[in-house]
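The structure appears right after this line, and notes come after that.
In this text the structure is predicted, and so the values were computed from the model without any measurement.
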Amino acid sequence: MRIALWGAGNTLNKVIDDIDSSMHTIEFLIDCDKQKAGLSKMGVPIRHYKDIDLKKIDAIVITTVFVSEVLNIIKTEFSQFEGAVFEDVEHFLAYEYVTISHKEIVKNPFYEILEKNCFLYDTDKRLQYLEIYDRYFSKFRDTNVVFMEVGVYQGASLQLWKEYFGPKCKIIGIDVNEECLKYRDGQIEIEIGSQESVYFWNYIKNKYPQIDILLDDGGHMMKQQIITFEQMFPHLSKKGIYMCEDIFTSYWEPWSGGWGKKCTFIEYLKNMIDHMETKFAPDTKWAAVESFYHSQIVNNVKSICFYQGIAVVEKDIVTKKIDNMLLGKH
């Protein structure tokens with residue numbers, strides 16, 4: 001791949017060393033400083049962004065800390081560029097790893113969508129999440145799926161979901177910022193409210209009787225994650241998917257987290273696993289469990305899966321007849 005690195009700062013030496021020269025050619029460095037144009041660094045020529053030939057490169061890798069400023073220039077000055085844009089070297093190296101070492105993953109449509117709209121969808125989604133999304137969401141593509149995302153931010157991910165699921169889908173974005181209302185369109189609804197509010201979730205459940213997938217990418221505070229789950233998991237359609245992102249905040253004190261702290265979302269889900277399995281135990285001491293575990297939550301949990309940064313809870317009606325088999329009563 002022919003690439004250009006945007007930025008000729010002090011960290012460039014390490015960046016160039018990290019890029020595999022047997023697979024990629026660094027054609028030139030791009031910089032906003034005209035005084036650097038015509039110079040070179042580590043043998044690579046430096047060019048001002050207004051004096052480059054975009055036809056000579058397949059990708060731009062941003063190496064400067066001024067990412068937002070560079071993206072704005074790319075959007076306005078490079079509108080005809082058909083290559084890929086990577087916001088940092090880590091994203092480029094992860095892409096390189098995926099495309100070269102795991103060719104089957106390249107078929108993931110999220111990569112295709114992001115490549116095609118490389119700087120239109122300025123989303124903050126982590127690259128490693130894309131495979132997880134497709135693993136659970138692919139069966140809903142091109143259906144009348146109702147997808148809800150908590151945390152709209154700049155609205156980019158809403159467009160990503162809309163293109164991924166197709167024209168039949170309905171997207172509902174939840175945020176506390178009223179400015180997010182501008183992201184409404186024919187397929188996207190925006191609701192303003194706090195995910196800590198039970199009253200708000202009652203309003204949502206009354207307004208939207210069907211929700212197939214809920215992705216919590218909201219405030220990431222422990223109380224927010226637990227209330228959202230308890231209110232909305234029972235409301236999901238049969239075989240629905242509940243996904244919570246950035247669960248590592250369970251270990252961050254400013255988010256009310258902490259290692260082994262009982263009130264975190266991760267400990268909450270780990271405790272749920274115990275109650276999922278021990279409800280079949282012959283020992284009566286397991287009968288005294290919190291009331292909500294006997295409700296629609298645990299009895300409708302098909303699986304709980306943990307990934308780096310993400311927890312996924314699949315919904316389905318779980319039979320109660322399995323206890324006879326487990327106890328050997330055939």
Side-chain angles (χ1 to χ4, degrees), residues 87-88 90-91 94-95 97-98 102 104-105 107-111 113-114 121 123-141 145-154 156-158 160-161 164-165 171-175 195 211-233 235-237 239-252 254-261 263-273 276 297-298 300-316:
E87 294 187 12
D88 52 47
E90 286 72 23
H91 276 77
Y95 169 86
Y97 175 77
V98 167
H102 296 281
E104 70 278 7
I105 301 178
K107 299 177 183 178
N108 185 327
F110 281 106
Y111 289 103
I113 294 170
L114 289 173
Y121 295 164
T123 177
D124 63 344
K125 298 299 185 186
R126 296 173 180 272
L127 199 63
Q128 66 264 33
Y129 291 175
L130 302 184
E131 183 186 356
I132 303 170
Y133 293 154
D134 193 54
R135 179 180 301 178
Y136 289 94
F137 299 165
S138 59
K139 64 183 179 181
F140 294 96
R141 298 189 76 193
V145 62
V146 179
F147 179 94
M148 176 174 287
E149 181 172 30
V150 182
V152 172
Y153 188 45
Q154 296 178 340
S157 61
L158 300 178
L160 178 67
W161 304 128
Y164 176 79
F165 288 114
I171 310 296
I172 306 165
I174 306 292
D175 208 284
Q195 68 178 122
I211 297 174
D212 302 301
I213 303 172
L214 191 147
L215 176 63
D216 182 0
D217 189 21
H220 307 305
M221 299 291 289
M222 301 304 101
K223 186 177 179 181
Q224 293 172 331
Q225 291 175 335
I226 292 172
I227 289 177
T228 302
F229 180 81
E230 289 190 345
Q231 290 298 310
M232 296 307 294
F233 180 79
H235 187 69
L236 291 179
S237 59
K239 299 185 183 300
I241 303 292
Y242 192 99
M243 188 176 289
C244 186
E245 288 189 2
D246 301 340
I247 56 174
F248 40 73
T249 59
S250 283
Y251 302 95
W252 294 0
W255 277 257
S256 302
W259 184 277
K261 200 172 179 179
C263 65
T264 68
F265 188 60
I266 282 184
E267 290 299 321
Y268 175 93
L269 291 182
K270 287 160 65 177
N271 193 39
M272 185 178 294
I273 293 172
M276 283 174 60
I297 297 183
V298 166
N300 286 341
V301 172
K302 177 183 178 182
S303 68
I304 300 175
C305 296
F306 291 95
Y307 301 86
Q308 187 178 67
I310 285 184
V312 183
V313 185
E314 291 183 278
K315 186 177 180 181
D316 203 353

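- In this structure, the separation between CD on Q195 and NZ on K223 is 11.5 Å, given to the nearest 0.5 Å.
- For Q231, the side chain to side chain contact (heavy atoms under 4.5 Å, CB included) criterion is met by V198, W201, N202, K205, I227, not counting sequence neighbours.
- Counting only heavy atoms from C-beta outward, the side chains of D217 and Y129 never approach each other to under 4.5 Å.
- What you find for V301 and I304 is that their closest heavy atoms are CG1-CG1, 3.8 Å.
- Every residue two or more places apart in sequence or in another chain that forms a side chain to side chain donor-acceptor pair (under 3.5 Å) with K270 is listed here: E267.
- Of all non-hydrogen atoms in S157 and E149, the two that sit nearest each other are OG-OE1, 2.8 Å.
- You'll find the side chain of M243 reaches within 4.5 Å of the side chain of Y133, heavy atoms only.
- The shortest distance between side-chain heavy atoms of M232 and D216 does not fall below 4.5 Å.
- Of all non-hydrogen atoms in S250 and I266, the two that sit nearest each other are OG-N, 3.2 Å.
- Looking at residues two or more places apart in sequence or on another chain, you find a ring pair (Phe, Tyr, Trp, His ring centres under 6.0 Å) between Y251 and W259.
- Residues satisfying the side chain to side chain contact (heavy atoms under 4.5 Å, CB included) criterion with K239, sequence neighbours excluded, are D316.
- Between L236 and I241, the closest side-chain pair of non-hydrogen atoms is not below 4.5 Å.
- Residues meeting the side chain to side chain contact (heavy atoms under 4.5 Å, CB included) test with D175, sequence neighbours left out: V152, N177, C180.
- For E314, there are no salt bridge (charged side-chain N to carboxylate O under 4.0 Å, His left out) partners at least two apart in sequence or on another chain.
- Inter-residue side-chain proximity for F248 and D246 is flagged as met; some heavy-atom pair is nearer than 4.5 Å.
- To the nearest 0.5 angstrom, H220 atom NE2 is 12.0 Å from F265 atom CZ.
- With sequence neighbours excluded, the residues that form a side chain to side chain contact (heavy atoms under 4.5 Å, CB included) with S138 are D134, Y164.
- The salt bridge (charged side-chain N to carboxylate O under 4.0 Å, His left out) test applied to R135 returns E131, not counting sequence neighbours.
- With sequence neighbours excluded, the residues satisfying ring pair (Phe, Tyr, Trp, His ring centres under 6.0 Å) with F147 are F137, W161, F165.
- Heavy-atom minimum distance, V145 versus I213: CG2-CD1, 4.1 Å.
- T228 places a side-chain heavy atom less than 4.5 Å from the side chain of Y242.
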request  = Check step by step if side chain to side chain contact (heavy atoms under 4.5 Å, CB included) holds for I273 and F306.
outcome  = CA-CA 12 Å; I273 293 172; F306 291 95; 4.0 Å; yes
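- Here L130 contributes atom CG and L160 contributes atom CG; the two are 7.5 Å apart, rounded to the nearest 0.5 Å.
- With sequence neighbours excluded, no residue forms a side chain to side chain donor-acceptor pair (under 3.5 Å) with T249.
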